[in-house]
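Here the structure is laid out as C-alpha cells; the discussion comes afterwards.
A, B, ... follow the sequence lines: proteins, then strands. Residue 1 opens every chain.
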Amino acid sequence: MKRDSMNQDNFSSSTAGSCSSSTKAKMWPCDADDGGGGGGGVDELFAVLGYNVKSSDMAEVAHKIEQLEEVMGSVRHDGLSQLASDTVHYNPSDLSSWLESMISGLNPMPDFDSSLDNPFLDSSPTLTATTTTTNSFDSRPRMPVDLDFGSDLIAIPGKAVYPRTQPPPPPPPHQHHQPQAKKLKTSPSLGNSVSALHRDPVFARPVESARPVVLLDSQENGVRLVHTLLACAEAVQQENFKLAEALVKNIGFLAVSQPGAMRKVATYFAEALARRIYRLYPTNPQDSAFTDLLQMHFYETCPYLKFAHFTANQAILEAFEGKSRVHVIDFSMKQGMQWPALLQALALRPGGPPSFRLTGIGPPSHDDTDHLQEVGWRLAQLAETINVEFEYRGFVANSLADLNASMFDVREGETVAVNSIFDLHQLMARPGAVEKVLQVVRELKPEILTVVEQEANHNGAVFLDRFTESLHYYSTLFDSLESCGGGGGAAAAGDEAVSVQDKVMTEVYLGRQICNVVACEGSDRVERHETLAQWRTRFDSAGFVPVHLGSNAYKQASMLLALFAGGDGYMVEENGGCLMLGWHTRPLIATSAWKLS
Amino acid sequence: MMQFTETFPPPPPPLHQSSVITTPPSFNPMNKNQVLRVGSWPGYFPTSKSLQGRLGDANCMEQLLVHCATAIETNDATLAQQILWVLNNIAPPDGDSNQRLTCGFLRALISRAAMSGNCKLLSAVANVHAASDPTTTSTHRFSIIELASFVDLTPWHRFGFTAANAAVLEAVEGYPVVHIVDLSLTHCMQIPTLIDAIAARLDGPPLVKLTVAGAMEDFPPMLDLSYEELGTKLVNFARSRNVAMEFRVVPSTSSNGFSSLIDQLRMQQLRRAENGREALVINCHMMLHYIPEEEEEQTLTYETAAASLRTMFLKAVRGLDPTVVVLVDEDADFTSGNLANRLRSAYNYLWIPYDTVDTFLPRGSKQRQWYEADICWKIENVVSHEGNRRVERLEPKSKWVRRMRNAGFGGVAYSEEAIAEVKNMLDEHAAGWGLKREEEDHLVLTWKGHNVVFATAWIPI
C-alpha cells in the first residue's frame, strides 16, 4: 500500500566509508569522558522531564540500564551468538516483520530491532567486522550499527544512516545538556516541555550527526531513550502525530545501542507507538492456540507463571483439606499446566484423594480442534495412573462474562474452587463484565477463589500514565528475563537452544501485551492490569473477604524460587495475606485468595 | 456463545489422537497447531506406568523422589519444581513414618539442588527450609550414658554386639592375652558386655588389649568425649570386673583404609608372632563401608581388586593373621553412581529405621529427634553428596562375603549358643524383629522379613 512512497524516503545512497578503524580508535578516549560526565547529569535529566513520573522510578530504570550494561559487557560474546540465533528463527509477532519493514521504509534509520530480521549477524557476529568490512559497508550501510548492538559503545555512521533532512545544528557539547535541562525545569507543564523537547536538538536528533562517527555511552543513550519514549507517548496523547512520528523513529535508533533488555523493551514500545501513530491497530489474536503456545514458553522461561500456579494451588489444596468431593472451575485452562501438581498432591494427601471435578474454560479455537478436550484427556490419563477419580468438562466461551452459574452444574456437597490466572483484568474492557463474573462466582459459592494478576496499573484513564507505568513494568520484567535461561552459564549446550527459543517466545508473549496496552483502545484493549490494592477494593465491594495465603506458601515459593530461578533478583513478598513475586524491589505479579463474606 | 465439550469419562480416544499426544514435540514455529497439540504438558510430569497408585503411597512417594532426582540431574527445573512442590505438601516432617522418610529425602534433594545448581542462595534455601521445619535438629553429640541407653533401645546395634561377642568369646578361648581391634561406629559400646563375659571365663580373664581407630572424621552417632577419656572409663570398668586392660588410640581414618592403624598392627604382629599366645580380634562393626570402594566401572575381579582400598584393607588384615574377624554391617547397597538408583536403594532400606522407631521411642521425644536426625544425616550423605564427601557407601552382604573370601578368609558358623543368645536379645524387643540364618554361617537381623543387619565371623584359611 504505502510502501512505495515510504521507500522513497529511505536513504538511498551510502557515504558511510567514513566509519573507519582509525576514527574509531581515536574516539575511544572520548567515551571515557562521556561516561564520567554523564553519570552526574542523569538525575537532572530525569528531573527536567516534567512528566508525571516519579524520579525515583526513572533513576531505577537508569540504574537497571547500567546493570544490564555490565551484564552484557561481561557476557558479550554469548549475548551476540544468542541474539544471532534469535534472529534466524523468529519474528516478534505475526505482523511485526511486515510492519517493521514498513516502518524502516518510512524511517531513515536502522530497524527498530536490529537483532531481529538481520541476516548479517550470523555471518559476522564479531565486533571486529566493523573495521574490516569497508566494502560491504558501502553497500550495507546499516551493518556496523547492527554489528555493534551488543556493545557499550556504538559506531554510528551518522551521515549514512541519517541524512540531514532535519535541522542540523552543530553538535552541542555534552556540557550543554545540563544547563538546558535546568532551564527546562522551570516550565514543567506538559505542553511546554513538549515544545521544548521539540526544539531541543537532543530530542529532535538522535546523535550529534556532524561527526562522522559518534560514540555514545549507552547509559546516556538509555536516558535519552526513556526521554524519547515518554516524549513520543506525550506527543501521541496530544495527538501531535507529526512529532510523535519523528520521535518514534528516534526510539528505534537509540534502542539499537542499548543492551539486551532495554533494547528489546524499547523496540516493543516503539512498535506499539508506531501502530498507534499509523493507526495500524493490532487485532486481538483470534488464534488462541498460538497465544497458549507463547504462554507455555513464558511458563518455561521465567518463574512468574510457575509462582502463580504454586501459590494458587497451595491455597486450593489447603481449602480442599478434608473434603471428599472437590470441583475446580478454572477460568484460565490454557494447557492445563496448573493441575498435574495439584492432582498429584491430592492423590497422596493423608486420608486418600477426593473425587476431583475440573471445569476448564477457554476461548474458541481458530480451527476445529477441541483443545480443551485434549487437555482434559491428558489430565484424565494422569488422574487414572495416580488413582484419582476424575471428571472433566470443557467450556468454550469468548468471554467469562458469557457464563452463568447454572452452567457449571455445581452439585450438592461439592467443594468448589474458582481459579483465575491473568484473566480477570481482560473483563475490564467490557463495562460491567467484572461485576457480572464476580456475581457468577458468588453464586457458585466457592470455598476459595484464587486470583493471580499483574501488579501494575495499566488501566488508567490517561494514556501517558498507562504508557509510563507499563514502560516501567515491562522494563523490569524484561530485565528479569535477561537473568534466567538463554544466557545461564550452568545450562548445558543442548539446553541452551531450548532456553533461547523459550526466551524469544516469551518476549513475543510480553510484546503482545505491550502492544495491547499502548496501541489499543476501547474493547480491544484487554490488558487492563490493575494493582492488588485496586482488586482488593473490587473484591471487597463484590462481597469477598481475603483468605490469607499461609506462611507455608510463602516459604515454599521462596524455596522453589531460590533453587531454580537462577539468580538472586527474584523476591517473594507477603502483602496483607497475598503473595507477590517481583524483580528486585518491584513486585510484578500478585496472588490473592478470596472467599465469600 | 458457547458450546459444550464432552464430559469425561468418555470412551477411549481414537488411536491416532493419543499417538499425537505421546509423540515428542518437534518444534516448528511454522506449524503452531501441531506444536500446540503435542505441547510440552504433561510429559513434564510423571505419568509413567511406574506411578501406580495401587502399590501404595510409599511407592508413589518413591517414584516422585526418583523423578525429582532425575529432573534435578538433567537440569529440568520445571519438573523438579513441580515435584518438589508436591512432595513438600505430602511429606510433612511430623507425618507418619513414610512421610518423614520422604521428607528426609526431600530435604536431601533440595540440598543437592542447592549445591549442584547455579543457586547462589544456598544458605537462604537452608534457612527457608530449616525455618519451615521445627523438627530439624542437627546431629546430636551423645554422652556415653545417652549412647549406651540409645543403642540398647533397638536390636540395630545390639544384634551385632551379641553375635560378635559370642563369636569372639569362642575364638579367644584359652588365650592369656586378647588383643581386640575395635573398628566400631558405636564407640566401643559393645566392649563392656564383652568384658563382662570374658571376666566370667572359666580359665580366668586374659589380659585385654583394646585398640581403637581415633577417627579424624566423625559419623553419627557422635560422642561428646574423646577416645582417651573413653579409654579411661573402659579401663576402670574392666578393673572393676578384675580384668586387666590396656587401651590405645591409633589416629587413623577410613578414607585411606585405616592405613596407619594397619601399620601399627603390623609392627605389633612381630611381637605377637614371637610369643604365639596372643589372640588378635578384628571387630568391624558398621565401619568398613566408610572405606572408599572401587570406581564403578571396575569389577571385583581378582586383577582389579587391588585397586580398591576395601580389598587392600582386608588383605592387610589377612596379613595380620587374626584369630577372628567379625564383620557386622547394614545389608544394603548405597554404592551406585547413578543418583536415581542410589536413592531408590536407600529409600527401600531406610524406611526400616523410621518404621521401627514407633516401637521404642515416643513421638516428640528428644531421643527420637536425635535418632531421626542421624538417619537424615545418612540420607543426605547418600543423596546430596558426591565424591569424597559421600561416605555412606553400604554394600550388601553378598558383596562383603565375596570380598572376605577373595582376601583369604573362610566363614565361621555361629554356635547354637550364640544363636540362642541373639534370639534372647531379640525377645526383649518388638515383635517385628527376626533372625535369619543364611548360607549356614551368616546371621541376619530382619524387620518384618526385610534384611537389616548381617553378622559374619571369619578366620584365615
Side-chain angles (χ1 to χ4, degrees), chain A residues 89-90 287 289-290 292-293 296 300 306 310 313 317 335-337 340-341 344-345 347-350 367 369-374 376-382 385-387 390-398 402-403 488-492 495 501 552 555-556 558-560 562-564 566 568, chain B residues 1-9 13 17-18 21 27 29 32-33 35-37 39-42 44-49 51-54 57 60-61 64 75 77-78 80-86 88-92 95-96 99 110 113-114 117-121 124-125 128-129 131-132:
Chain A
H89 300 296
Y90 307 106
D287 186 355
F290 188 55
D292 282 6
L293 177 70
M296 298 220 331
E300 271 303 307
K306 293 177 202 169
F310 287 137
N313 275 351
L317 186 65
Q335 291 294 296
M337 301 283 278
Q344 191 80 65
L348 289 169
R349 75 176 189 180
D367 54 17
T369 60
D370 189 348
H371 106 267
L372 277 179
Q373 185 175 351
E374 284 171 22
W377 259 117
R378 286 186 281 169
L379 285 167
Q381 283 167 356
L382 172 67
T385 33
I386 59 177
N387 279 353
F390 183 80
E391 191 181 329
Y392 176 82
R393 209 170 187 199
F395 277 114
V396 171
N398 277 318
D402 295 340
L403 304 167
D495 301 339
Q501 181 183 90
N552 190 19
K555 281 168 193 153
Q556 286 216 45
S558 308
M559 186 268 288
L560 292 173
L563 277 178
F564 297 108
D568 46 8
Chain B
M1 79 155 235
M2 74 187 59
Q3 62 199 69
F4 282 85
T5 65
E6 287 194 41
T7 304
F8 282 79
Q17 214 175 6
S18 54
I21 289 168
F27 188 79
K32 303 161 206 160
N33 301 324
V35 171
L36 187 69
R37 205 166 294 128
S40 43
W41 183 89
Y44 278 124
F45 211 80
T47 53
S48 63
K49 292 178 215 89
L51 254 180
Q52 301 279 346
R54 69 184 76 92
D57 286 359
C60 286
M61 288 179 184
L64 283 173
N75 278 327
T78 301
Q81 268 174 305
Q82 288 202 355
I83 304 177
L84 284 178
W85 181 82
V86 173
N88 255 318
N89 282 298
I90 61 169
D96 65 26
Q99 290 169 331
I110 289 171
N118 39 11
C119 175
K120 295 164 195 155
L121 299 174
V125 172
V128 165
H129 208 256
S132 71

Note: A:A341 and B:W85 closest approach over all heavy atoms is O-CZ3, 3.5 Å
Could you walk me through whether A:N552 and B:N88 pass side chain to side chain contact (heavy atoms under 4.5 Å, CB included), step by step?
CA-CA 9 Å; A:N552 190 19; B:N88 255 318; over 6 Å; no
For the residue pair A:R349 and B:I90, what are the closest heavy atoms and their distance?
N-CG2, 4.4 Å
Turns out that what part of A:L317 lies under 4.5 Å from chain B's heavy atoms comes down to side chain
Can you find a pair of side-chain heavy atoms, one from B:T78 and one from A:E300, that are under 4.5 Å apart?
yes
Measuring from atom CD of B:Q81 to atom CE of A:M559, what distance do you get when rounded to the nearest 0.5 angstrom?
9.5 Å
Reported CG-to-CD1 distance for the pair B:D57 and A:I386, which is rounded to 0.5 angstrom:
11.0 Å
Looking at B:A114 and A:L563, what are the two nearest heavy atoms and their distance?
N-CD2, 3.6 Å
Check the pair A:L348 / B:L64 against side chain to side chain contact (heavy atoms under 4.5 Å, CB included), numbers first and verdict last.
CA-CA 11 Å; A:L348 289 169; B:L64 283 173; 3.4 Å; yes
Which atoms form the tightest heavy-atom contact between A:M337 and B:Q82, and what is the distance?
O-NE2, 4.0 Å
